[in-house]
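These notes are about the structure you will find just below.
All values below come from the heavy atoms of this structure, side chains included, with hydrogens, waters and symmetry mates left out. Because the structure is a prediction, the values reported are computed rather than measured. Order of appearance sets the numbers: ligands from 1, and atoms from 1 within every ligand.
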Amino acid sequence: MLTRLDAVPRTKLASVPTPLIAVPSLAAHLDTGARIFVKADDRTGLGLGGNKVRKLEYELAPERLAGVTELVTAGGPHSNHCRVVAAAAAQLGLRCTLVINGEAEDPARGNAHLHRLLGARIVTVPERDDRDPAMEEEARRVGAAGGRALVVPVGASTPRGALGYVHAAAEMHRQLDSRTRVWIFVSTSSGGTLGGLILGCALLDWPVRLVGVSADEPAALTKDKAVGLALDAARLLGHEGLADSVRALSDSVVTTDAFVGEGYGAATPAGDEAARVFGARTGLILDPVYTAKAAAAMIAWLRRGRIPASDRVIFVHTGGHPALFR
Ligand SMILES: *Cc1c(COP(=O)(O)O)cnc(C)c1O
């Protein structure tokens, strides 16, 4: 089943497979019989790692880079995606322009500092809605100067980018090698990560219970985005019947917005507690914007007894550490 995925060209950027780490002291602390694992995708390597590296392997496939001189992308002032695109550009010997919405901070800290350290040219625009037209304008500027730009959509959450998480699903399937029921908790925002996991599990015929924990938007919208990306990515693999498997698996996918709190990036008591529990019981460090909220959801589900002792639980650590140093 994975041969079709292997046939899709990609540019090697990620250090994979990432480890699947058993965290028995977390399970003991939560008083659950379920075995808990962390898929350490914060360790994908490039530019301090995180989930965007896997997506970029496909977004920046060799045939898409032909003749390209500059990568252009966009995000917020503390975008993990922008950091990894800037690192990829530097590694591939390309220029990079980041369109950032919001005021430039001085001094720049966290990801904003790293964007600059990685040599990206930064263009600021007032609002999120200004980003797409600004990226097009930057691409025209590059063309007019005799170069060629590749515009990477926000979050690299394209059908192509989602294929990176088909790979991650295959790694987890291999690493866990278990016949018991498995739950996967993952932070979700632009949907490429969850969408890729949905497609990967469908492709592997692996009946995982996927729980997507929204970092910002309403639960129904995040699910629609992820399922839409999974279906479009299935088409890229050109496999008859895969769309039906994706739809069937999607019925069991749960998304929740109950852990967003006051909004994107705003700390929550449950997220703060989850980060402390993870730190003290596993030695693993969560970020406040995405992974702490996703971990809070997993902890709440375990405490409420929603996961039987015979099951296994995987928490996907999607990265985001620079947000701790803003
Ligand atoms: C971008 C990001 C996410 C969300 O991934 P999507 O594919 O956009 O849904 C989760 N965690 C971290 C740390 C991220 O940077």
Side-chain angles (χ1 to χ4, degrees), residues 14 18 38-44 46-59 73-87 110-112 114-115 128 152-169 184-200 210-219 221-230 232-233 253 255-257 259-260 264-265 271 274-275 278 284-298 315-326:
T18 56
V38 176
K39 178 63 171 166
D41 263 17
D42 54 322
R43 305 187 193 176
T44 52
L46 180 72
L48 295 184
N51 61 342
K52 304 306 182 299
V53 184
R54 287 189 194 267
K55 301 200 261 182
L56 284 178
E57 291 203 306
Y58 288 95
E59 241 343 269
T73 196
H78 288 281
S79 164
N80 293 315
H81 165 73
C82 285
R83 162 174 46 87
V84 175
V85 170
N111 275 318
L114 297 172
H115 296 162
R128 287 169 80 106
V152 182
V154 174
S157 277
T158 58
R160 194 178 279 277
L163 294 177
Y165 270 85
V166 176
H167 249 278
I184 295 180
F185 284 81
V186 64
S187 173
T188 181
S189 176
S190 59
T193 304
L194 179 59
L197 291 174
I198 294 172
L199 176 57
L210 279 160
V211 183
V213 186
S214 175
D216 39 27
E217 284 171 316
L221 181 61
T222 55
K223 179 162 172 177
D224 286 350
K225 283 198 288 192
V227 173
L229 283 166
D232 289 345
V253 172
T255 55
T256 174
D257 52 23
F259 296 83
V260 174
Y264 176 77
F278 256 73
L284 300 172
I285 294 164
L286 303 181
D287 86 293
V289 181
Y290 297 96
T291 53
K293 291 177 178 180
M298 180 183 78
F315 177 76
V316 181
H317 194 321
T318 46
H321 288 142
L324 289 162
F325 306 103
R326 298 174 50 162

>> Distance to the ring centre below 6.0 angstrom and angle to the axis at most 45 degrees; does that hold for Lys52 and Tyr290?
In response: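 Geometry flag: set, cation within 6.0 Å and 45°.
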
> Do Lys225 and Ser190 have side-chain N/O donor and acceptor atoms under 3.5 Å apart?
Replying inline: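 Ser190 and Lys225 do not have a side-chain donor-acceptor pair below 3.5 Å.
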
>> Using a 4.0 Å cut-off on heavy atoms, what residues surround ligand 1? Order them by chain and number.
In response: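 These residues qualify: Asn51, Lys52, Lys55, Asn80, Ser157, Ser187, Thr188, Ser189, Ser190, Gly191, Gly192, Thr193, Tyr290, Thr318, Gly319, Gly320.
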
>> Going by side chain to side chain donor-acceptor pair (under 3.5 Å), name the residues that satisfy it together with Thr256, two or more places apart in sequence or in a different chain.
In response: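 Applying side chain to side chain donor-acceptor pair (under 3.5 Å) to Thr256 gives none.
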
>> Which residues pass the side chain to side chain donor-acceptor pair (under 3.5 Å) test with Asn80, not counting sequence neighbours?
In response: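 Asn80 satisfies side chain to side chain donor-acceptor pair (under 3.5 Å) with Arg83, Asn111 once adjacent residues are dropped.
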
>> Run the ring-ring contact (aromatic ring centres under 6.0 Å, His included) test against Phe315 and tell me which residues pass, sequence neighbours left out.
In response: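 Phe315 satisfies ring-ring contact (aromatic ring centres under 6.0 Å, His included) with Phe278 only.
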
> Quick one: does Glu59's side chain have a donor or acceptor within less than 3.5 Å of a partner on Thr158's backbone?
Replying inline: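 Flag not set: sc Glu59 to bb Thr158 has no pair under 3.5 Å.
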
